[in-house]
2 protein chains.
Amino acid sequence: MKAPSVEVDRLFHALGDPTRRAILDRLVQRPASVSKLAEPLGITLTAVMQHLEILEEAKLVHTEKLGRVRACRLERAGFRVLEQWIRRHRTEWERRLDRLGEVLAEDDNGKQA
Amino acid sequence: MKAPSVEVDRLFHALGDPTRRAILDRLVQRPASVSKLAEPLGITLTAVMQHLEILEEAKLVHTEKLGRVRACRLERAGFRVLEQWIRRHRTEWERRLDRLGEVLAEDDNGKQA
DNA sequence: AAGATACTGAAGTATCCACTTGACTATTTC
DNA sequence: GAAATAGTCAAGTGGATACTTCAGTATCTT
């Protein structure tokens, strides 16, 4: 019954590339066309397109072709998946780390021998 | 003045692999040795070691060799980087998405023509 | 001390990934 | 309608990545 992690895979993979995070940072400022996005990145249009596909699959970006221009903007869904993943993990994670803290404190006492 | 993104790179890259997330999920339950981690994964010890190196570089896991066993446990730092990244981005992200929402609402009105 | 256990290191492989080139298509704009 | 613009498609390349095997090396255990 475990959720298929493919969604999370795609998300983290998308976020794992600095060029893609740069694109996101750019789109936070304002929506943009593919060529506007490519300009400061120093890579070809084609490469940007490929990044955009990955960002779209991760539901971090939505694009839409209007005339000859492809308009790109942020999408909410991907970011929600990220927040959910964190929320779902934070609790157990913190519990485990707290328990660890206790153990390590004991270790430190023991270490004085 | 931009923070070097190499830390975030490592983090998202580490989280982008399902085997590594499985290892983390395992370590949330309890600390474990390399072979205990390898057991349910169906891959070699060596492969697990390689994943562990990546998780260590991302500061998600700490390992320590005790006798002939390498003890693996969660580490706080990586998770903190993740939470910080989100916190730092959430605000602008939400602002942008809200503004988008307005624009899209307008579009929807316009669409009725 | 001999054997088992738990890794470790080096090297190899197959696949993926970011990126390119170059030829092409669809839209403006003149 | 010709030229410029904005993107698209197919194919290829080089370097990472996720593994593997196999031959060690420490560290228990008996």
Is the backbone of A/Leu27 close enough, under 3.5 Å, to the side chain of A/Arg73 for a donor and an acceptor to pair up by distance?
no
Over 60° means perpendicular and under 30° means parallel, so classify the ring planes of A/Trp93 and B/Phe79, tilted if in between.
parallel
Rounded to the nearest angstrom, tell me the gap between atom CG in A/Asp17 and atom C1' in D/dG15.
14 Å
Cationic N near anionic O, under 4.0 Å, A/Arg76 to B/Asp98:
yes
Applying salt bridge (charged side-chain N to carboxylate O under 4.0 Å, His left out), can you list everything that pairs with B/Glu83, at least two apart in sequence or on another chain?
A/Arg90
Check every strand shown and say whether B/Leu66 touches a base, only sugar-phosphate, or nothing at a heavy-atom separation below 4.0 Å.
nothing
Donor-acceptor check, side chain of A/Arg96 to backbone of B/Gln29, threshold 3.5 angstrom: yes or no?
yes
Judged by atom type as modelled, is there a donor-acceptor pair below 3.5 Å linking the side chain of B/Arg26 to the main-chain atoms of B/Lys36?
yes
Rounding to a whole Å, what distance do you find between A/Leu55:CG and C/dA18:C1'?
13 Å
Under 4.0 Å from OP1 or OP2 of C/dA18: is there any side-chain N or O of A/His13 that close?
yes
Comparing A/Arg68 and A/Ile54 on DNA chain C - which has the more 5′ nearest nucleotide:
A/Ile54
Between B/Val28 and A/Trp85, is there shared hydrophobic-cluster membership here, with clusters defined by ILVMFWY side-chain heavy atoms closer than 4.5 Å?
yes
Using five pairs at either end of the helix from C/dA1-D/dT30 to C/dC30-D/dG1, determine the angle between the two local helix axes and round it to 10 degrees.
20°
Expressed in angstrom and rounded to an integer, what is the separation of B/Arg70 atom CZ from D/dT25 atom C1'?
14 Å
Distance, rounded to the nearest Å, where B/Leu52 contributes CG and C/dA6 contributes P
16 Å
Listed nucleotide nearest any side-chain atom of A/Lys65, set D/dT8, C/dC7, C/dT5:
D/dT8
When you measure from the side chain of B/Ser5 to the backbone N and O of B/Val8, does any donor-acceptor pair fall under 3.5 Å?
no
When you measure from the side-chain N and O atoms of B/Ser33 to the phosphate of C/dC7, is any distance below 4.0 Å, counting only OP1 and OP2?
yes
With distance as the sole test, does A/Arg20 use its side chain to make a donor-acceptor pair with the main-chain N or O of A/Leu15 at under 3.5 Å?
no
Identify, residue by residue, the members of residues 36-51 of chain B with a heavy atom below 4.0 Å from DNA chain C, and return them in order of residue number, or none.
B/Leu45, B/Thr46, B/Met49
From CG of A/Leu15 over to P of C/dA18, roughly how many Å is that when rounded to an integer?
13 Å
Rounding to a whole Å, what distance do you find between A/Glu56:CD and D/dG7:P?
13 Å
note: A/Glu64, atom CD; D/dA6, atom P; distance rounded to Å ~ 18 Å
